[in-house]
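For reference, the structure is listed below as structure tokens.
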Amino acid sequence: MKLRHNPASPYVRKVMVVAHELGLAGRIELLNTAVSPVEVNATLAAENPLMKIPALVTDDGQVLFDSPVICEYLDNLSGGGKVFPSAGKARWTALRQQALGDGILDALILCRYEIAARPEDKRFAGWTDGQMKKAHQGLAALEREDLSGPRTIGAITAGCTLGYLDFRFPNDGWRQRHPKLAEWYRGVEALPSMQATKPPAS
Ligand code: GSF
């Protein structure tokens, strides 16, 4: 399998954490891929028309995106029901938690593009404030989730979301606002799958 990859992407990290936890990381060839919301990457576009990473090319030549789909594919490859509970309340809880973590990331990424990619004279503070508010409301909801127990895609996504906050928004102060989440994350960031997928020093 080949994964369109960048070590700074939190969605790619989700996929790689899942791969490590399922013992599949060694089967994935990483193709370092630069993406930009304003530039065409023709090679990537031939695989993922949305020109986003992660995108996975399977051994039989199928292209899968986005990260929830790729993560579920990997779970299926390893027999199914490992990080995606197969049915019932456990499944809906894990999927909701994944959507919450992904949604926080989506808001943070939009802030990041506004701050890092848009020319200074064209920045719109109301945009950044609005997206940050969503991210903060999302984090408050994440604090109320039960992330203990078997590692599901919900907990994996939550861990990658907090890791991205530390990476790109180190002064956010989320640990002061959410001590329960901070305590939970202390154990999570030490896991081998999280250590193996740490983003590069920014
Ligand atoms: C989001 C992927 C994404 O935005 C998923 O895989 O879960 N819902 C998708 N990836 C970013 C890279 S990143 O910052 O993680 C991306 O490819 N951005 C390029 C663009 O054109 O927005």
Side-chain angles (χ1 to χ4, degrees), residues 1-22 24-25 28 30-58 62-77 83-84 94-119 122-124 127-128 130-132 134-135 138-139 142 152-170 172 193-194 196-202:
M1 292 175 277
K2 294 181 180 171
L3 183 71
R4 291 271 163 209
H5 172 276
N6 187 299
S9 163
Y11 308 99
V12 166
R13 189 179 193 189
K14 269 176 72 187
V15 169
M16 290 310 297
V17 169
V18 168
H20 277 280
E21 298 200 4
L22 297 176
L24 295 171
I28 299 179
L30 300 177
L31 304 176
N32 220 301
T33 304
V35 285
S36 153
V38 291
E39 273 167 42
V40 170
N41 177 334
T43 314
L44 179 60
E47 292 167 2
N48 179 357
L50 304 174
M51 288 190 292
K52 293 189 182 195
I53 55 169
L56 183 82
V57 185
T58 66
Q62 201 181 6
V63 183
L64 297 177
F65 50 87
D66 52 1
S67 65
V69 177
I70 300 171
C71 290
E72 191 151 7
Y73 175 79
L74 295 179
D75 191 59
N76 217 265
L77 263 191
V83 295
F84 283 81
L95 292 183
R96 183 190 65 244
Q97 292 171 345
Q98 174 179 226
L100 183 56
D102 280 345
I104 296 169
L105 283 176
D106 293 345
L108 292 175
I109 296 274
L110 289 177
C111 285
R112 166 90 189 147
Y113 287 155
E114 190 67 24
I115 297 163
R118 200 184 290 277
K122 298 207 166 53
R123 284 184 202 155
F124 174 26
W127 175 272
T128 322
Q131 295 303 323
M132 221 28 166
K134 283 183 199 233
L139 286 168
L142 205 53
T152 67
I153 191 61
I156 289 170
T157 306
C160 294
T161 301
L162 298 172
Y164 185 73
L165 257 180
D166 281 350
F167 175 47
R168 292 297 196 203
F169 301 87
D172 178 70
S193 59
M194 291 293 283
T197 57
K198 273 207 251 195
S202 49

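When a residue number appears, it is its place in the shown sequence, counting from 1. Both ligands and their constituent atoms are indexed starting at 1 by order of listing.
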Side-chain heavy atoms of Pro199 within contact of Tyr164, under 4.5 Å: no
Ligand 1 contact on Pro68 by region, counting heavy-atom pairs under 4.0 Å: side chain
Atom 14 (O) of ligand 1: the protein heavy-atom neighbour that sits closest, reported with distance to 0.1 Å: Ile109 CD1, 3.2 Å
Atom 4 (O) of ligand 1: nearest protein contact (heavy atom, Å): Tyr11 CE1, 3.6 Å
Heavy-atom side-chain contact between Met1 and Leu74 under 4.5 Å: yes
Side chains of Tyr11 and Asn6, donor plus acceptor under 3.5 Å: no
Identity of the nearest option to atom 2 (C) of ligand 1, non-hydrogen atoms only, from Ile53, Val38, Val69, Asp66: Ile53
pair Arg4-Pro54: side-chain heavy atoms closer than 4.5 Å: no
Under 4.0 Å to a heavy atom of Pro54 - the qualifying atoms of ligand 1, by number: 6 (O)
Pairwise side-chain contact, Glu39 with Met51, heavy-atom cut-off 4.5 Å (strictly under): no
Pair Lys134 + Asp106, salt bridge at N-O below 4.0 Å: no
Numbering as shown, the atoms of ligand 1 that approach Ser36 to under 4.0 Å (heavy-atom distance): 21 (O)
Donor-acceptor pair between Glu21 and Ser193 side chains, under 3.5 angstrom: yes
Contact check, Tyr113 vs ligand 1, heavy-atom distance below 4.0 Å: yes
Nearest protein heavy atom with distance in Å, relative to atom 21 (O) of ligand 1: Pro37 CA, 3.3 Å
Top protein contact for atom 13 (S) of ligand 1, by heavy-atom distance: Ser9 OG, 3.6 Å
Identity and distance of the protein heavy atom lying nearest atom 6 (O) of ligand 1: Ser67 N, 2.9 Å
